There are 2 protein chains.
Amino acid sequence: MQEVRTFVEKFVKTSDEEWAAFRNKLQFKEFDKDELFLKEGEVCKHALFITEGAFRFYKIVDGNELVTAFFFTGDYLSDYQSFLTQSPSNYYVQALRSSKVYLISKKDLTELYNNYPNFEKLGRLFAERLFLTMNRRLDTFLYETPEGRYAELVNRNSKLLQEVPQYMIASYLGVKPETLSRIRKRI
Amino acid sequence: MQEVRTFVEKFVKTSDEEWAAFRNKLQFKEFDKDELFLKEGEVCKHALFITEGAFRFYKIVDGNELVTAFFFTGDYLSDYQSFLTQSPSNYYVQALRSSKVYLISKKDLTELYNNYPNFEKLGRLFAERLFLTMNRRLDTFLYETPEGRYAELVNRNSKLLQEVPQYMIASYLGVKPETLSRIRKRI
DNA sequence: TTTATTTATTGACTGAAGTCAATGACGTTC
DNA sequence: GAACGTCATTGACTTCAGTCAATAAATAAA
């Protein structure tokens, strides 16, 4: 649980009282490989911090899985689209291997926002960070070729390449597995 | 200035005192057609609310203008990438016609965040909204063909089609002007 | 170890956007 | 009204990812 606090402290300094209030809301949970945290159509009521493990987001479009995101040990994740608006999710969120996480509910988080300006600030900084991440990802689709996107992924996140099968990476890059295979050959 | 308050009130209810503090920070400015609010390499130190007018974001990649966003009367805009991180912008932000705006500086906004939890909350809600917008736009690139993106634009934002030359729309959709012309012909 | 099953690679072909170049439509200016 | 610049359209050709199908490699199961 200390690792969650360390993570939070990267955004705001918390007093012991604040942290106690936060920790109080956390709920531990384990996921088996392939187990789903969220299904399409469900409302995402929790955010989670990954103590150990890996998850992916994907949606199904005309029978094909399209992967949109990966998360690993030390990351914080939620389907924000659904979480923020409390509307049905478009995604499946699945553990790629057995994983350990701490959950916090939307309800509890909202309560923390309202009772502690410091957590309201955490929420803002978090949303800002989300936006920046999203922005970067959009940019790679707007300004880079698939080959450029792959090259960038290799640089920034080569660990991901070992952990995740290639057809999921292809999907994440917005190309077919065959195409990624050819891109790799070209390099 | 009332219109700015109306806009803010969509996110949080403000007391008269809070609003006075906010209004105090606003600065009126007019832009001529084609005038730049921001240049590549500059740090974006302001956000602005458009009372009347239209703006576009673009960047220059190997000599080509790539348009990434449009904003119109009643919209609020900033180069958040630069504004939030106070790092040099990658974009030009240009008035598409003569425009009237209210500016608020990063410094003043930060001050409001710190002094009024209500504005901190505004900041959070705003960042969340930004994220959702970004997310939607990314989705259109991931799951739609150029033709689909154009069709969606026609539905959602047909006003934009009248206000903006077609080659900018093409760029915004991620295709060449020739391609957009052919897409329009197909429909 | 052998057999299945999943994942990755390769080849031949298709399709849609890009490129280059020419023409047409429109508005502005002199 | 003629001449210019800007923007939109059209045509011929190229390029690169998608598709379909076959094979090979790697994993998991028996």
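Side chains included, hydrogens not; waters and symmetry mates left out as well; all remaining heavy atoms used. Note that the structure is a prediction, hence the values are computed from the model and not measured.
You'll find the ring centres of A:Tyr91 and A:Tyr58 outside the 6.0 Å limit.
Side-chain contact between A:Arg23 and A:Met1 is present, with at least one heavy-atom pair separated by less than 4.5 Å. For the pair A:Leu180/A:Gln166, a side-chain contact is recorded, criterion being any heavy-atom separation below 4.5 Å from C-beta on. Side-chain contact between B:Val8 and B:Phe49: absent, with no pair of heavy atoms (C-beta onward) separated by less than 4.5 Å.
The local environment of CZ in B:Arg156 is sparse, with at most 12 non-hydrogen atoms from other residues, nucleotides or ligands closer than 6.0 Å. By the 6.0 Å contact criterion, NZ on A:Lys39 is open, its count of non-hydrogen atoms from other residues, nucleotides or ligands being 12 or less.
Computed from coordinates, the B:Leu173 CG to C:dA16 C1' distance equals 16 Å when rounded to whole Å. Spacing between atom CG of A:Asp62 and atom P of D:dG18 amounts to 14 Å, rounded to whole angstrom units. Atom pair A:Lys176:NZ and C:dT10:C1' shows a separation of 18 Å (rounding to whole Å applied). The distance between atom CD1 of A:Ile183 and atom P of C:dT9, rounded to the nearest whole Å, is 12 Å. Computed from coordinates, the A:Asp34 CG to D:dA28 P distance equals 12 Å when rounded to whole Å. Here the C1' atom of nucleotide D:dC7 and the CZ atom of B:Arg184 are 12 Å apart, to the nearest Å. Between the CZ atom of A:Arg97 and the P atom of D:dA28 there is a distance of 15 Å, given to the nearest Å. B:Arg186 places its CZ atom 13 Å from the P atom of C:dG15, with the value rounded to the nearest Å.
Checking D:dA8, D:dG11, D:dA17 against the side-chain heavy atoms of B:Pro165 singles out D:dA8 as nearest. Closest to the side chain of A:Lys185, out of D:dT9, C:dT10, C:dA17, is C:dT10. Taking every side-chain heavy atom of B:Gln166 into account, D:dT9 is the closest of C:dG18, D:dT9, C:dT7. Taking every side-chain heavy atom of B:Thr179 into account, C:dG18 is the closest of D:dT10, D:dG18, C:dG18.
Considering A:Lys100, A:Arg97, A:Lys29 in turn, A:Arg97 is the only one that fulfils the salt bridge (Lys or Arg N to Asp or Glu O under 4.0 Å) rule with A:Glu52.
Relative orientation of the A:Tyr116 and A:Phe119 rings is perpendicular, given thresholds of 30° and 60° on the angle between their planes.
The CG atom of B:Leu153 sits 6.5 Å away from atom OH of B:Tyr172, with the distance rounded to the nearest 0.5 Å.
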(request) Encode nucleotides 20-25 of chain C as B, S and - characters from 5' to 3', where the letter depends on protein heavy atoms closer than 4.0 Å: B to the base, S only to sugar-phosphate, - to neither. (result) B-----
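Of the residues in residues 139-163 of chain A, none lies under 4.0 Å from DNA chain C by heavy-atom distance.
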